[in-house]
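One structure is given here, and the rest of the page talks about it.
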Amino acid sequence: MRAISERDLAVVIPLLAAKIRDLILELDTSNGEPTDESAIDRMQLQDMLGQYRSILESLREEYEEGLRAGIRLPAFDDLVRPFLLPSH
């Protein structure tokens, strides 16, 4: 038995995509002289970004399975498109 429905996923997926976008922007805008602390912070952000991307891919698989089963919802790409950055 699944813990979350496709309709709930349709809400969670864009939120996660927005968080991924925010992390990418934060990583892209971190400037200045690298310190030990900023390097650690950057590594933590990169780890979190990797985890979130992995979660998003898992949610994608589950969501698209529901779409194939006939549940009428927007396509996965339509959910995340507003949060995609041109270079990522």
Side-chain angles (χ1 to χ4, degrees):
M1 181 173 189
R2 292 194 337 221
I4 189 166
S5 73
E6 286 80 6
R7 285 176 176 61
D8 291 338
L9 287 174
V11 174
V12 172
I13 287 169
L15 294 173
L16 186 56
K19 183 62 178 173
I20 289 170
R21 180 208 50 212
D22 293 347
L23 288 173
I24 291 170
L25 290 173
E26 188 173 344
L27 282 168
D28 287 350
T29 59
S30 57
N31 305 12
E33 288 295 314
T35 63
D36 288 343
E37 185 177 316
S38 67
I40 290 170
D41 290 345
R42 187 168 177 81
M43 285 179 13
Q44 289 174 338
L45 285 174
Q46 289 171 333
D47 287 344
M48 190 181 319
L49 180 60
Q51 291 171 1
Y52 284 4
R53 283 180 167 159
S54 177
I55 292 168
L56 185 61
E57 188 56 36
S58 296
L59 294 178
R60 176 186 196 128
E61 292 169 11
E62 188 170 337
Y63 184 78
E64 288 183 346
E65 186 178 311
L67 294 178
R68 285 189 296 275
I71 297 173
R72 297 181 56 139
L73 291 168
F76 180 88
D77 290 337
D78 293 339
L79 294 175
V80 298
R81 186 174 295 115
F83 307 103
L84 296 178
L85 297 172
S87 63
H88 299 277

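Note that the structure is a prediction, hence the values are computed from the model and not measured.
Between the CD atom of Glu26 and the CD atom of Gln46 there is a distance of 11.5 Å, given to the nearest 0.5 Å. For the atom pair Leu16 CG and Ile20 CD1, the distance stands at 4.5 Å (nearest 0.5 Å). Interatomic distance, CG of Leu79 versus CG of Leu73, reported as 8.0 Å (0.5 Å rounding).
One hydrophobic cluster holds both Leu27 and Met48 under the rule that ILVMFWY side chains link at heavy-atom gaps under 4.5 Å. Note: the hydrophobic cluster containing Leu49 does not contain Met43 (ILVMFWY, side chain heavy atoms under 4.5 Å, direct or indirect links). In this structure, Leu23 is a member of the same hydrophobic cluster as Leu25, with clusters built from ILVMFWY side-chain heavy atoms closer than 4.5 Å. In the hydrophobic clustering of this structure, Phe83 does not group with Leu45; members are Ile, Leu, Val, Met, Phe, Trp, Tyr whose side-chain heavy atoms approach within less than 4.5 Å, directly or through other members. Using a 4.5 Å cut-off between side-chain heavy atoms of Ile, Leu, Val, Met, Phe, Trp and Tyr, with links allowed through other members, Ile71 and Ile13 fall into the same hydrophobic cluster.
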Can Leu84 and Arg21 be said to form a side-chain contact (heavy atoms from CB on, under 4.5 Å), step by step? CA-CA 7 Å; Leu84 296 178; Arg21 180 208 50 212; over 6 Å; no
Stepwise salt bridge (Lys or Arg N to Asp or Glu O under 4.0 Å) test for Arg81 and Asp78: CA-CA 5 Å; Arg81 186 174 295 115; Asp78 293 339; 2.6 Å; yes
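Residues Leu67 and Ala75 approach most closely at CD1-CA, 4.2 Å, considering heavy atoms. Scanning all heavy atoms of the two residues, the minimum distance from Glu62 to Glu6 falls at O-OE2, 4.1 Å. Taking every heavy atom of both residues into account, Asp8 and Ile4 meet most closely at CB-CG1, 3.2 Å.
Every residue meeting the side chain to side chain contact (heavy atoms under 4.5 Å, CB included) condition with Arg60, not counting sequence neighbours, appears here in chain and number order: Glu57, Glu64, Phe76, Asp77.
Proximity of Ile24 to Arg53: side-chain heavy atoms (C-beta onward) are separated by under 4.5 Å at one or more points. By the 4.5 Å heavy-atom criterion applied to side chains, Asp41 and Gln44 are counted as neighbours.
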